[in-house]
Amino acid sequence: MRIATWNVNSLRVRLPQVLEWLAGSAVDVLAMQETKLVDADFPTEAFTALGYQVLFSGQKTYNGVALLARAPGTAVLTDIPGFEDPPRRVLAATLAGLRVVNLYVPNGQAVDSEKYHYKLRWLAALRDWLSEEARQHPRLVVLGDFNIAPEDRDVHDPAAWVGSVHVSEPERRALRAVQELGLLDVFRRFEQPPGTYSWWDYRMLAFRRNQGLRIDLVLASAALAATCTACVIDRAPRKAERPSDHAPVVADFTPPP
DNA sequence: ATGGTGGGCAGCCCA
């Protein structure tokens, strides 16, 4: 089973690239973020034509998340229970013997901004919710755009980024609190080339210079992580005309016994 | 050099 996450930065613009990528990548589950589409505009037929079931939680202009899967989803959630949050950032479903939680974590803008404190509150609420999800679902995968680079090796120039949003210690601590629920960053279960990132700024020729961050993550419960056979970041879509600023992260799992 | 580029929707907000 192949599971992927991709911040597409406007599904309206990126749909042809997403369809082309799906046709060549044998993905069973794709979690997308920043679809920026209201539900009425979601291109359902384009994906059902490729054999996917679709789930989505969208809004106008900003945010928006979607899940594509070969199997239908049940027990769908579009919010962190009990946490009032109008932006559409969460989409959870049970499908193909897995609990899948697709996240678009708040960006945070700048350390000590109002948006940064919102990000930390959001992550605290996420942790509390995921503790319950982890208890109920031994086979849990939490994936998406976390807007946090877990460690300095996930940052092209740690000295330039020190203390900044996406790498600050409170953000990393909040991410570790999520991982301490027993969720493993499956990318780091395998040998990886140094300087492997999932996001590059559109500005300053950052992609050509590989000035990136690894902020798109696939976290898996211990039972699921034990069945993970590979995790790679596919840079190819970032090289396209009019690319998303993020590349997809792809993880392979053996089927349940 | 505190910029630069891109998406969305109307002169900005957000990333």
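What's counted below: heavy atoms across the whole structure, side chains too, no hydrogens, waters or symmetry copies. Reminder, nothing fancy here: chain letters follow the sequence lines and each chain counts from 1. Computed from a predicted model, the values in this text were never measured in an experiment.
For the pair A:D245 CG and B:dG6 P, the computed distance is 10 Å after rounding to whole Å. The CD1 atom of A:I215 sits 12 Å away from the P atom of B:dA15 (whole-angstrom rounding). Straight-line distance from the NE2 atom of A:H246 to the P atom of B:dG7: 13 Å, rounded to whole Å. Nucleotide B:dG7 holds its P atom 12 Å from the CG atom of A:N7, rounded to whole Å. Here the C1' atom of nucleotide B:dA15 and the CZ atom of A:R89 are 11 Å apart, to the nearest Å. Between the OH atom of A:Y202 and the P atom of B:dT5 there is a distance of 13 Å, rounded to whole Å. Atom CD in A:E114 sits roughly 16 Å away from atom P in B:dC13 (whole-Å rounding). In this structure, A:E34 places its CD atom 7 Å from P of B:dA15, rounding to the nearest Å.
For the C1' atoms, the distance linking B:dC14 with B:dG4 amounts to 16 Å, nearest Å. Look at the P atom in both B:dA1 and B:dG11: the space between them is 35 Å, to the nearest Å. Taking atom P on both B:dA15 and B:dC9, the two are 15 Å apart, rounded to the nearest angstrom.
Distance from the side chain of A:Y62 is smallest for B:dC13 among the nucleotides B:dC13, B:dG8, B:dG4. When distances are taken from the side chain of A:K60 to each of B:dC9, B:dC13, B:dG8, the shortest belongs to B:dC9. Closest to the A:R203 side chain, of the nucleotides B:dC9, B:dG4, B:dG7, is B:dG4. Side-chain proximity of A:N107 to B:dC9, B:dG7, B:dA15: nearest is B:dA15.
Across the interface with DNA chain B, nearest-nucleotide mapping of A:R242 and A:Y104 shows A:R242 to be the residue nearer the 5′ end. For the pair A:L11 and A:K115, both in contact range of DNA chain B, the more 5′-proximal nearest nucleotide belongs to A:L11.
Phosphate proximity of B:dG7 to A:R14: present, with a side-chain N or O under 4.0 Å from OP1 or OP2.
Note: A:F42 and A:F47 have tilted aromatic rings, judged against thresholds of 30 and 60 degrees for the angle between ring planes.
Checked for salt-bridge contact, A:R172 and A:E169 miss the test: no charged N lies under 4.0 Å from a carboxylate O. By the 4.0 Å N-to-carboxylate-O rule, A:D28 lies too far from A:R2 to be salt-bridged with it. Using a cut-off of 4.0 Å between Lys/Arg side-chain N and Asp/Glu carboxylate O, A:D245 and A:R238 are scored as not salt-bridged.
A:Y52 carries A:R70 over the face of its six-membered ring, with the cationic atom under 6.0 Å from the centre and within 45° of the normal.
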